Amino acid sequence: MISSKFARISRYLIIFAAVVLVYALTILDLRISGHPSLVVFYLAPVFLASWFSGARAGFFIAFCSVVSWILLYTPHVAELYHEPSFFYVNMVARSCFMFLMAYLLVRLKKSITHERELVRRIGEQNEELQKLNVQKSTFVANVSHELKNPLAVIKESMALLRDKVVGEVSEEQKEILSMGMRSSDRLMRLVTDLLDLSQIEVGKLKLKKEKIEVRALVEEVLRTYEIQASKKQLVLQKEIQPDLGVLVGDRDKLTEVIINLLNNAIKYTPQGTITVKLTGTAQEVRFEMADTGPGIPPEYQEKIFDKFERIMTEKQEGTGLGLPIAKDIIELHHGKLWVESEPGKGSKFIFALPRS
């Protein structure tokens, strides 16, 4: 109530100030020379009233400016204008100009106010969305964490049965238990990916920084996957620079990145070679993994790093989370992960990590 009253008083004061300014300009104009020397300054009170008090006030001050000009110059029509009609043309033009300026200023003020309101609303919506995303990620993280232990127990129980620790099982039963264990492994990978993803999204994934022997890390992962590659009759080649030295990072998370890239390469390469190249400089270490698979079309090379995005047409196991998580982990290490590929010529995934 008080604020609205104050706003009304403020508007009236602005209108009064604009009227005073109009007639102050008129008197000044008359005193100086008696010809149109201060024409442009009549826009000042029109702007003041239109911007701060609205359309009606703006039009009123525009009218006052025109009337003031007419009263000022009517006695000098014969002296200033060779043709009296010029005076009337000037009067009409000035009136149109003043009223047009008042209208445009009001429209401009409304547009700016509307834009600010939109920006404010968008900001509020973004804050709400951010809160919802944090809540969602926290919920997923909690659920994933709670699922890991039961899954590990299920897998271990099936392993005990398969390995005949608690009694004899037939070959058929053993195969069924092995299938269950493989499914349990896939589910465990999914839960782990969801847990990593949710922790990254809410900023809770902390890196355990330590000095890492890069060559030893990569060779250890490659040895683990040599058998898996040979089962698909793929050749796993390595070109590793001997004097790579160390870098500072999270050993487990970088191992996860290399495993994700290797899994993808083996999964999507029907035949041929997977080549792992590791080089280093004083500033960074560069890892490259090239395959002879079908390649990735240019329009999909950015999308493959989006969450849950899968572009391959053939049915393959997976969630589409491996590459996004790998990219996030590399970026947490202040590095960069990207792909170079041509359809029919295979793909090369590359990441570069700073030494420290």
Side-chain angles (χ1 to χ4, degrees), residues 137 139-200 205 216-238 251-274 276 289 291-294 304 307-326 329 349:
S137 299
F139 174 75
V140 171
N142 291 337
V143 171
S144 301
H145 184 73
E146 292 299 322
L147 283 172
K148 286 187 80 172
N149 288 336
L151 282 172
V153 173
I154 291 170
K155 181 184 175 183
E156 185 62 28
S157 299
M158 287 189 291
L160 291 173
L161 289 171
R162 186 197 60 180
D163 296 339
K164 304 178 183 180
V165 175
V166 292
E168 290 295 322
V169 294
S170 66
E171 288 300 318
E172 185 178 358
Q173 291 170 331
K174 188 175 179 180
E175 180 58 30
I176 292 171
L177 288 169
S178 296
M179 288 171 58
M181 289 182 65
R182 287 194 293 272
S183 297
S184 178
D185 285 337
R186 287 199 297 272
L187 191 53
M188 181 66 83
R189 284 197 299 272
L190 171 60
V191 169
T192 302
D193 286 347
L194 287 172
L195 184 58
D196 284 346
L197 184 64
S198 58
Q199 287 180 334
I200 290 168
L205 185 66
L217 171 65
V218 173
E219 287 184 337
E220 180 184 332
V221 176
L222 291 179
R223 278 196 299 272
T224 307
Y225 278 82
E226 280 175 353
I227 297 173
Q228 188 175 334
S230 64
K231 285 181 180 178
K232 285 192 68 175
Q233 297 182 337
L234 297 172
V235 178
L236 193 56
Q237 294 181 342
K238 55 185 178 182
R251 181 183 180 87
D252 292 338
K253 295 304 177 188
L254 291 178
T255 301
E256 186 179 340
V257 170
I258 298 169
I259 287 173
N260 273 327
L261 296 180
L262 262 173
N263 273 330
N264 276 348
I266 293 171
K267 186 189 299 182
Y268 293 112
T269 305
Q271 59 182 2
T273 306
I274 296 171
V276 174
M289 183 177 297
D291 61 53
T292 55
I304 60 172
K307 298 173 183 65
F308 301 102
E309 186 72 38
R310 298 181 65 213
I311 64 164
M312 298 303 178
T313 55
E314 65 267 23
K315 188 176 181 181
Q316 294 279 5
E317 294 174 358
T319 59
L321 290 175
L323 287 176
I325 290 171
I329 290 173
F349 285 87

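A quick note: this is a predicted structure, and the numbers were derived from the prediction, not measured.
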Gly293 and Pro270 have their tightest heavy-atom pair at CA-CD, 4.3 Å
d(Leu177 CG, Lys164 NZ) to nearest 0.5 Å is 11.5 Å
Counting distance only, does the side-chain N/O of Thr273 pair as donor-acceptor with the main-chain N or O of Val235 below 3.5 Å? no
To the nearest 0.5 Å, atom CD1 of Ile176 lies from atom OG of Ser170 at 7.5 Å
* Is Glu226 salt-bridged to Arg223, cutoff N-O under 4.0 Å? -> no
Partner of Tyr225 under side chain to side chain contact (heavy atoms under 4.5 Å, CB included), picked from Leu234, Ile258, Asn263, is Asn263
Here the gap from Glu256 atom CD to Ile325 atom CD1, rounded to the nearest 0.5 Å, amounts to 6.0 Å
Given the options Thr255, Leu261, Val257, Ile259 meets side chain to side chain contact (heavy atoms under 4.5 Å, CB included) only with Thr255
_Check: Phe349 and Ile304 side chains under 4.5 Å, non-hydrogen atoms_ = yes
key: Met289 vs Ile274, side chain to side chain contact (heavy atoms under 4.5 Å, CB included): CA-CA, chis, key distance, verdict   = CA-CA 7 Å; Met289 183 177 297; Ile274 296 171; 4.0 Å; yes
So Leu236 and Leu262, side chain to side chain contact (heavy atoms under 4.5 Å, CB included) or not? Walk me through it. CA-CA 10 Å; Leu236 193 56; Leu262 262 173; 4.1 Å; yes
d(Met179 CE, Lys174 NZ) to nearest 0.5 Å is 15.5 Å
Interatomic distance, CG@Leu217 vs CG@Leu254, rounded to 0.5 Å, equals 6.5 Å
For Thr269 and Lys232, the nearest pair of non-hydrogen atoms, with its separation, is O-NZ, 3.2 Å
